[in-house]
Every structure is written in C-alpha cells, then in structure tokens.
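Working notes, structure below.
FYI, side chains are in, hydrogens and waters are out, and symmetry mates aren't considered; it's all heavy atoms of this structure. The sequence lines fix the lettering, A, B, ..., with proteins before strands; numbering per chain opens at 1.
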Amino acid sequence: MLKELLCLSNYQAGKLALGKRAMDEKYFPEVIEKKWQQRWAEGQAFEAGNDDTRPKFYSLEMLPYPSGFLHMGHVRNYSIGDALAWYKRLQGFNVLHPIGWDSFGQPAEQAAIKRGVNPRAWTEENIAHMRGQLKRLGISYDWSREIAAHRPDYYKWDQWFFLKMFERGLAYKKQSPVNWCPKEGTVLSNEQSSGGICWRCGTAVEKRNVEQWFLRITEYAEQLVGQIEQIESSWPEKVLKRQRDWVGRSEGAYIDFSVKDSDKKIRVFTTRIDTIFGATAVVLAPDHPLIVELMKDSALMNDVQKFAEKVAVARARPADATAEEVKEGLNTGVLAINPFSGENIPVWVANYVLMDYGTGAVMSVPAHDQRDFEFAQKYSLPIRQVIAPASHGQPSAEPVSVTGTDQSAEMHQAFTDYGVLINSGEWGGKLSEVAIREMTLFAEKHKFGGGAVTYRLRDWGVSRQRFWGAPVPIINCDDCGAVAVPYDDLPVMLPENAEFTGTGQSPLAGVPEFVNTTCPKCNGPARRDTDTMDTFVDSSWYFFRYTDPRNADAPFDPAVAAQWTPVDQYVGGDSHAVMHLIYTRFWTKFMRDIGLVSFDEPVKRLLTQGMVTNIVEGTDEWKAMSKSLGNGVDPDEMIRAFGADATRLFILFAAPVENELRWIETGIEGGVRFLRKVYSMVWRWHERLSDLSQRHDEPAPDEIGPAGQALRRKTHQTIARVTSDFEHLHLNTSVSALMELFNELNEFDVTPTNASAADVFVVREALESLTVMLAPFSPHVAEELWEQLGHAGGLIPKVGESARWPKVNQQHARKAELEIPVQVNGKLRSR
RNA sequence: GCGAAAGUGGCGGAAUUGGCAGACGCGCCAGACUUAGGAUCUGGUACCGAAAGGUGUGGGGGUUCGAGUCCCCCCUUUCGCACCA
C-alpha cells in the first residue's frame with residue numbers, strides 16, 4: 001500500500017554512494033527534521049515569556065485525550081494551530097502555544113477492568129508515547145507548560161472550583177432521573193446524551209433515578225445566550241446556533257388556572273397567551289407533583305397513578321430515535337378555571353407534557369397547536385378556533401367578524417401562525433403580537449400571571465460513578481449533611497488500591513480508607529463522597545492553567561492569566577459545539593463572578609476544523625478514520641515515509657480548514673515534490689546568496705529587467721495574498737500561492753552564474769519571502785533554508801529583533817500594464 | 001416533519017466588491033532521460049467540433065452591457081433538532 005519512498009533508507013543508501021556535498025544538495029526530511037527539533041528543544045525556541053512586552057497571541061488547540069496514539073484528526077488540528085502560532089511569531093508576536101492532556105476518563109478505567117493494568121501507569125505511558133509523536137511532528141509547543149488533568153496538582157483545582165460553586169449554591173445534590181449509558185456503566189450529562197445516544201459509544205441511553213451532583217449552569221442561561229453577541233462574528237454560525245438551540249430560550253407568559261372547588265392553582269407556561277380563549281383543557285405531566293394533591297379523594301387516582309407509571313417505564317427505555325411516541329392521556333375529572341374567559345375546562349394528564357420543561361403543565365389549545373390538535377382529535381376534545389389568518393400580515397383595525405361558531409370541523413391541522421384574534425371577548429380583532437403584549441400585562445395586573453422566560457437548558461450533572469476522575473470533595477455526615485472538605489485538605493487524592501470490577505458502583509466505594517473519615521464540622525464519623533467529576537470539568541478551565549501552570553496556591557494568578565487570556569484563536573472539531581464549548585463559557589462566567597477573570601467570553605475566535613476521512617476498503621464511502629473501520633492512517637508512518645513537513649503541508653493544502661479532508665496518499669507525495677524542488681532551488685542559489693555581507697541595496701527600477709520586474713511583482717502579490725489568507729484562515733490557498741511563487745521563480749530565466757546584482761536582489765527577495773511564508777506549514781525545512789540563505793539564529797525573532805514576516809509593497813505588487821477585456825453583448829471579443 | 005448550509009472538470013478545490021470560470025495540486029495523456037520507472041524533467045488536459053466557432057458552474061425563469069456570484073421557483077446532498085408548550 002505505502003509506496004516505498006522511505007527517506008531514511010534513501011539517506012543511508014545515498015551516504016554510501018554519494019559524497020558529502022552531493023548528499024547536502026538532496027532533500028532528506030528525516031535529517032532536517034531531527035536537526036531542527038533538537039535545536040528548538042535546546043534553544044527553548046517555543047517557550048513563551050510572561051515578561052515579554054511584545055503584543056501577545058494565544059493559539060490553542062483542544063485538549064487531547066491520551067488514548068495512546070495520535071490520529072490524523074489530531075495532526076490536522078495541531079497543524080492548523082501551529083501554522084497560526086508560527087505566523088504570529090514571525091510577525092513579532094509573543095505567542096503562547098501550549099499542550100496538555102485530558103487524562104481522566106473512561107478508557108483508562110476500561111483498561112483497568114479488562115486487563116488489570118493500573119490506570120495511572122496506563123495513562124502516563126500513553127502520554128509519553130503521544131508526546132513523542134507530537135515532537136516528531138515538530139508542533140511548536142511550549143513544553144514547559146504541559147499539564148495533565150489526572151495529576152493531583154491539576155485536579156486539586158477542579159476540587160477547589162467545585163467547592164467555590166458549592167459555597168455559592170451552584171453545586172448541589174439531588175435525586176433525579178439521569179441519562180444512563182448501559183455500555184459505559186455511568187451517568188451522562190444532557191449534553192453528552194444529546195439525541196438519546198451516548199456521545200462516546202453511540203449506545204441508546206436509559207433513564208435512571210440516581211442521586212447526583214449538579215452544577216447550576218441554568219443560572220447562566222441568559223448570559224449564555226445574551227453574550228453570544230460578543231463572539232457572534234468570530235465563531236462559526238453553526239456552533240452558535242446549536243448553543244442557542246441548546247439553551248432554548250423561550251419568551252412567553254405563565255398563567256395560573258384556579259382549580260374548581262379547591263384553593264390550588266395550576267401554573268402553565270405558554271408562548272401563545274393570545275390563544276387562551278381556545279384552551280379546552282389543562283394538561284399536566286404524568287409526574288406532576290400537584291396531581292397527588294388534586295386527586296387525594298378521587299376515585300380516578302389509581303388509574304392516573306398507573307398511567308404515570310406506564311409512561312415512566314416507557315421513558316426509561318432506550319429512546320428509539322425515529323419513533324414518535326403516540327400521544328396518550330387521561331381525564332382527571334378535576335376542573336380548572338380559565339382566568340380570561342371564566343370557563344371551566346377539564347384537567348388531563350398526558351405523556352406529551354414534560355415535567356422538566358416550563359412548569360410541567362400546559363393549556364391545551366387544539367386549534368392552534370399541532371400537538372394539542374392531535375391529542376384533542378384522539379380524545380374528542382373540543383377544537384375552538386380563536387385566531388384567524390391576518391390577510392397579507394396587514395394589521396386589520398376592524399374586528400374580524402366571524403359567522404358560524406364551529407369551523408373546527410373543517411380543520412385538518414392546527415393553525416399555528418400569528419393572526420387576528422376571534423372568539424376572544426374584548427381581545428377580539430387584535431393582532432397576535434399586540435394581544436400577547438396586552439394580555440400578559442392584564443394577567444400581571446390581575447395577579448394570575450405575567451411575562452416569563454423559560455429555557456430548555458438543564459443543570460449539568462457532573463457525578464460519575466467512576467474511579468478515574470477528580471473525587472468530589474464532599475464529606476457526608478449523618479448529622480451535618482454534605483460538608484465541604486476544607487481547602488487546606490485539598491486535593492482529595494485518589495487511593496492507589498481500588499479494585500475495578502465494572503459493576504457500576506464507584507470503585508472508590510470499595511476502599512474503606514478512602515470512604516471512612518471524620519466530619520470537618522462535628523468531628524464525628526463520616527463518609528467521603530465516592531463520585532468523581534465529569535472530565536468535562538477538567539477541560540472547562542484548562543487553558544487558564546497554561547498561563548500559570550505550576551501555581552501551587554491558586555488555579556492561576558489572575559494577573560498572569562490576564563496577560564494571555566482570552567484565547568485569541570481556538571481550533572478544534574465541532575463535535576464539542578454543545579459540550580465543552582458551552583461548559584467552558586459557563587465556567588468562565590463563573591470565574592468572572594469570583595474575580596478570577598475580567599471578561600465574559602473565554603475565546604475570541606473559534607475555528608471548527610473538518611474531519612479527516614479515508615475510503616473504507618471494499619466500499620466507495622469516505623468515513624472518519626477509525627480503528628473499527630480499518631481506514632486509519634498512522635501519522636508516524638507518514639512522517640517516516642514523507643516527513644513531518646510534507647505531511648503537514650499536504651493536510652493544510654488539501655482542503656479548506658473547515659471542510660472534510662479526504663486522505664489521498666498521492667497528494668502527500670505532491671507535498672514532498674514541492675518541498676524538494678524548493679530545497680534544490682535554494683541550493684542552486686545559495687552560493688550567490690548566503691554571504692550576507694555581499695548583500696545589495698534595493699536596485700533602482702530600471703536596473704531590473706522585465707523578467708525580474710515580473711518576479712518581483714509576483715513576490716509582492718504573494719505576500720499580500722498569503723498574509724490576507726492567514727487573516728481569513730484560508731490556509732489551502734496560501735499554500736497554492738506559495739506554489740505559484742515558486743513556479744514563477746522556476747521560470748525566471750536567470751542562472752546563479754549569469755545573474756546581475758539586481759537579479760540577485762530580486763531572487764533573494766523572492767526566496768526569502770517564500771522561505772519565511774513556508775515556515776507555518778513546513779517549519780523544519782523552512783529553518784534549514786533560512787540557514788542556507790545565510791541567516792544564523794533561526795527564524796523566530798527574539799525580543800528586540802524585527803518581525804520576519806515579509807511586508808508587501810503595494811507599488812511592486814501592482815500590475816505593470818492592465819489588460820482590458822473587450823466584451824460585445826456580453827461576449828468576449830478580443831484579448 | 002422542522003431548521004440551516006451547500007451543489008463548479010475524473011478528484012480536492014480556486015475565482016476580494018457582479019467583470020477573461022477552472023488558479024494550485026492530485027490523477028490522466030504524450031514526450032525526454034533511462035536496463036528499468038511507481039524517480040526526475042518538458043508539454044498537454046472542462047465539453048462539442050477537422051477548423052472557424054459554439055456550449056458550459058444541479059434544473060428552470062428573472063435582473064444586468066455583463067451572473068458561479070444578486071432575485072424567484074424546483075431538484076439533490078450534507079449537517080443539526082426532533083413532542084421544549
């Protein structure tokens with residue numbers, strides 16, 4: 001499969017056959033890459049200084065899980081982030097480009113259960129291997145800031161944050177139905193079970209009633225929607241849309257329906273108060289707590305309870321994504337009073353009303369809500385039309401007169417648009433928009449309702465019945481309840497001697513030395529909480545830790561973090577659009593509220609890169625590379641065969657960063673070809689160019705021949721193009737621009753031996769520009785060429801050195817003559 | 001079903017604001033050098049046509065001197081959401 005282009009063997013074979021000089025002229029990525037990786041390490045080339053006064057740039061890629069092996073998705077992710085880091089460095093920015101490990105989580109524990117290995121050892125081994133891979137790729141990380149979530153000096157701060165939230169009532173424990181993945185044997189958050197399937201393994205989730213810790217993300221629902229405007233222009237629209245949908249802000253009103261012959265009230269939420277005259281029932285969720293009180297003495301109580309149980313059982317079953325549940329319900333015999341019309345209407349329970357949205361109760365308006373319509377048809381509830389279509393959407397000042405009282409017989413579906421109110425007493429004739437406003441005020445004035453906003457977002461369940469995570473720092477005392485572990489006692493360390501049985505109980509529960517402790521409040525015997533935290537807690541704030549990674553007294557020094565954050569450019573897959581990316585926004589807002597940061601949004605600009613796909617053997621389908629499909633490509637194999645530079649160049653060239661990238665091995669060979677050609681061109685010229693003391697001043701325009709002028713023009717056009725492409729993250733076209741510049745150089749009809757001083761100047765300008773602009777894509781070979789061109793000390797400007805990135809001279813970039821196409825009747829006539 | 005985005009050669013994709021469609025690369029074809037080529041170099045490569053010329057950016061209509069780009073209708077694909085009151 002893999003074509004035998006192996007550089008190492010070529011190099012060794014070549015060394016035997018050719019002399020040293022002949023070898024130098026050939027491009028051997030293996031040799032160049034080793035050389036520069038070593039120099040970068042020795043010179044600490046990528047370490048970001050906190051006391052550097054140049055403008056900062058924080059380039060960040062999403063924290064990887066240390067599965068043991070880098071896959072091509074990682075390579076793409078880091079190649080993009082690294083290109084931007086290099087681009088900014090070459091422009092003279094002080095760049096922070098860190099890496100770390102999301103090293104808590106299921107796979108380590110699975111390995112422990114299945115193969116009896118120690119999760120810590122397993123994780124550390126994986127990290128060591130992947131670190132080696134990243135270094136072979138030559139990604140320019142500041143390794144001195146590396147962090148790993150599973151180390152006590154990191155998870156201590158997870159626990160610290162948890163306690164800060166606990167103190168403020170933002171972390172709380174409650175018994176609640178949660179998403180349970182039967183395959184993973186653990187609870188999942190709503191975000192991790194979107195669509196009813198486990199985000200990790202794709203198994204359909206069940207509902208289970210478990211006592212859980214929750215973080216009150218709903219407290220920030222309004223900000224999570226409202227503050228989107230701060231990042232609207234620099235985050236992908238699709239991510240923001242998903243976040244908006246996920247928070248699900250909905251404006252409407254609540255209304256209290258009095259219960260006949262009772263002092264109880266049923267509160268409903270509606271976005272269509274204008275349809276209230278058409279309400280022909282009030283419908284409660286089967287598990288609505290009011291039911292028990294309302295039906296204390298009712299003969300129907302038993303039936304309703306049975307119905308509720310049936311629904312609960314159905315809901316606990318793994319969701320079948322395609323099947324829409326059939327609407328079912330039961331009349332409770334209780335009557336409610338419509339506060340607008342005074343009418344008595346029946347109270348039902350039904351499976352299509354959800355307890356955990358709004359108030360768990362709705363007013364049923366069959367004529368104007370499709371669900372209510374279907375329900376009413378099934379149970380023969382009256383369907384009463386109260387909204388008429390407004391013609392052309394024009395406000396009609398005249399009340400609409402309606403003849404005939406029962407148009408509902410003709411309705412085949414609910415009319416859900418806004419319109420004009422009819423059959424609505426004093427509100428008749430008003431437009432929906434107006435009626436909604438006025439009726440809400442009316443309800444408020446008469447104290448039976450008012451404006452309300454509800455959210456779909458639920459609190460974040462962070463308890464996991466797992467070992468390999470940060471222990472929840474809480475001690476349960478029979479007398480004092482849940483008590484915070486004192487800050488001085490952090491971290492609550494994971495024990496070394498847990499047993500992994502895979503039973504779904506936290507392995508921590510089986511370690512008496514861990515569990516048994518004393519209550520910090522009363523000193524009585526007490527038990528530690530045995531849940532650990534969702535690993536998404538670790539990744540919610542990790543990039544702040546990079547700014548101050550060894551701080552032993554705080555998660556980070558706010559003053560240091562303020563130098564670097566917010567993140568200027570974040571790069572990652574869009575699979576985290578409503579998981580990590582919403583959690584980290586929440587976390588940042590919390591950190592702001594406790595004075596750690598001074599802004600609302602952690603990430604200025606987000607890029608969601610596309611997947612890397614490969615053809616699945618035996619099919620014609622392109623799918624994301626994966627072990628199970630057997631279509632994975634090993635980055636190390638690519639590095640060995642083609643070099644890291646060519647691999648990275650190809651990945652960035654092959655497709656726009658946000659598109660799917662189809663892996664074509666011949667494409668990567670094209671990358672090698674290009675680098676080899678550039679390399680040998682620099683070699684051809686380097687004797688004329690490398691002596692910088694012989695460098696010429698800029699020649700007068702008339703000293704440069706027409707071919708030189710053209711090359712110069714191309715050089716400056718390329719600088720303009722590549723620079724603008726970087727600003728817009730169009731990395732694929734900037735590579736093609738570099739190739740065009742090379743092609744122009746290749747056609748430049750001057751040889752090193754016959755070149756005039758002016759020619760040499762033009763060639764130097766072109767080659768130096770090409771070399772510098774190549775560095776973000778293929779940094780090793782760029783460094784090598786820069787050295788060949790006579791420069792010592794490496795490409796990255798030190799403090800005090802001027803920026804390396806070439807500057808465009810618009811004068812030179814301008815076309816010498818303008819060709820004007822002639823069109824007659826839209827047809828091209830001559831050129 | 002609802003919502004959003006996108007349809008350009010054999011393929012990945014170019015085409016700042018409406019102004020020479022197909023840059024750049026892959027693949028393919030031909031030639032050169034070679035014992036050899038899956039190396040390298042040179043040239044060609046949207047379609048029809050011998051040529052002149054014509055036709056072309058999912059389909060149909062429109063605006064315009066001029067449309068891949070703007071407007072309307074339709075088709076297809078991909079991705080989200082899926083009882084959220």
Side-chain angles (χ1 to χ4, degrees), chain A residues 2-5 10 194-196 236-239 241-242 244-250 252-255 268-273 275 279 282-283 285 319 321-327 350-365 368-372 374-375 413 416 452 454-458 574 577-578 610-611 613 622 649-650 653-656 658-674 676-677 680 720-721 724-725 728 730 732-743 746 819-831:
Chain A
L2 187 68
K3 294 183 180 139
E4 286 305 313
L5 226 168
N10 278 351
S194 174
E237 187 45 48
K238 62 178 176 183
V239 172
K241 184 188 182 308
R242 284 184 64 186
R244 276 197 198 95
D245 289 350
W246 191 259
V247 176
R249 184 180 195 278
S250 179
Y254 68 89
I255 302 152
V268 305
F269 173 76
T270 179
T271 55
R272 293 299 301 273
I273 193 172
T275 65
V282 167
V283 186
T322 51
E324 184 159 312
E325 231 182 315
V326 183
K327 290 179 180 52
N351 62 347
Y352 76 96
V353 178
L354 309 172
M355 190 56 226
D356 61 0
Y357 183 77
T359 61
V362 301
M363 62 181 202
S364 175
V365 185
H368 303 293
D369 181 285
Q370 187 58 26
R371 294 153 303 183
D372 296 340
E374 285 165 26
F375 190 68
Q413 57 175 26
T416 57
T454 58
Y455 302 90
R456 205 185 79 125
L457 184 71
R458 301 272 72 92
D574 63 3
V578 289
M611 285 191 310
T613 63
W622 292 83
L649 184 78
F650 166 68
F653 172 61
E658 67 276 8
N659 282 23
E660 171 191 341
L661 188 158
R662 297 187 164 188
W663 192 260
I664 312 262
E665 204 158 284
T666 49
I668 203 170
E669 289 172 22
V672 182
R673 263 198 289 276
F674 172 67
R676 188 187 299 141
K677 288 190 285 191
S680 51
R721 177 76 199 266
S724 128
D725 279 350
H728 298 104
H730 296 164
N732 58 324
T733 49
S734 51
V735 175
S736 64
L738 295 178
M739 289 173 169
E740 282 185 57
L741 175 58
F742 172 81
N743 291 345
N746 209 25
E819 222 177 287
I820 300 171
V822 179
Q823 285 179 17
V824 178
N825 289 336
K827 304 279 185 195
L828 189 67
R829 279 306 164 203
S830 67
R831 49 176 66 199

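- Aromatic ring orientation, Tyr357(A) versus Phe269(A): perpendicular (interplanar angle above 60°, classes split at 30° and 60°).
- Rounded to a whole Å, the CD atom of Glu669(A) is 14 Å from the C1' atom of U40(B).
- Distances shown here put a side-chain N or O of Arg673(A) below 4.0 Å from the OP1 or OP2 atom of C26(B).
- Under the ring-ring contact (aromatic ring centres under 6.0 Å, His included) criterion, Trp663(A) pairs with Phe650(A), sequence neighbours left out.
- The side-chain contact (heavy atoms from CB on, under 4.5 Å) check on Asp574(A) picks up Lys238(A), Thr608(A), with sequence neighbours excluded.
- The base of C83(B) is paired with the side chain of Lys327(A) by a donor and an acceptor separated by under 3.5 Å.
- Candidate nucleotides A14(B), A85(B), C26(B) were compared by shortest atom distance to the side chain of Arg721(A), and A14(B) ranks first.
- A close approach under 4.0 Å does not occur between any side-chain nitrogen or oxygen of Arg242(A) and OP1 or OP2 of A82(B).
- Between the CG atom of Asn746(A) and the C1' atom of G43(B) there is a distance of 14 Å, rounded to whole Å.
- When the P atom is used for both G68(B) and G9(B), the distance is 14 Å, rounded to whole Å.
- Spacing between U57(B) and C70(B) at atom C1', rounded to whole Å, works out to 16 Å.
- A side-chain donor-acceptor contact under 3.5 Å links Arg272(A) to the backbone of Thr416(A).
- As rounded to the nearest Å, U16(B) and A30(B) have P atoms that lie 36 Å from one another.
- A distance-only check finds no donor-acceptor pair linking the side chain of Asp369(A) to the backbone of Ser364(A) [under 3.5 Å].
- Among the heavy atoms of the strands lying under 4.0 Å from Asn743(A) are primed sugar atoms or P, OP1, OP2 only; no base atom is included.
- Under the side-chain contact (heavy atoms from CB on, under 4.5 Å) criterion, Glu740(A) pairs with Lys714(A), not counting sequence neighbours.
- As judged by a 4.0 angstrom heavy-atom cut-off over every strand, Asp356(A) is placed among residues making no nucleic acid contact.
- OP1 or OP2 of U40(B) lies within a sub-4.0 Å distance of a side-chain N or O belonging to Arg676(A).
- Atom name C1', nucleotides U34(B) and C26(B): the rounded distance is 25 Å, in whole Å.
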Just the atom pairs and distances: protein N or O near nucleotides 6-12 of chain B's N or O, under 3.5 Å.
residue	atom	partner	partner atom	Å
G12(B)	O2'	Ala654(A)	O	2.3

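- Between C83(B) and Arg456(A), no contact under 4.0 Å exists linking OP1 or OP2 to a side-chain N or O.
- No engagement by Val283(A) is indicated, since no non-hydrogen atom pair under 4.0 Å with the nucleic acid exists.
- Taking atom C1' on both nucleotides, C65(B) is separated from C28(B) by 40 Å, rounded to a whole Å.
- No contact: Gly248(A) has no heavy atom under 4.0 Å from any strand.
- Looking at residues two or more places apart in sequence or on another chain, you find no ring-ring contact (aromatic ring centres under 6.0 Å, His included) involving Tyr254(A).
- Annotation: G66(B) and U76(B) have their C1' atoms spaced 29 Å apart (nearest Å).
- For A85(B), one of the phosphate oxygens OP1 or OP2 lies less than 4.0 angstrom from a side-chain nitrogen or oxygen of Ser250(A).
- Considering only side-chain atoms of Met739(A), the nucleotide from C83(B), G13(B), G25(B) that sits closest is G25(B).
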Query - Pair pattern of RNA chain B in dot-bracket, where unpaired bases get dots and | marks partners in another strand, Watson-Crick or G-U under 3.5 angstrom - result: (((((((..(((......[....)))((((((.......))))))(((....)))..(((((..]....))))))))))))....
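- Heavy-atom nearest nucleotides on RNA chain B were determined for Asp725(A) and for Thr271(A), and the one closer to the 5' end corresponds to Asp725(A).
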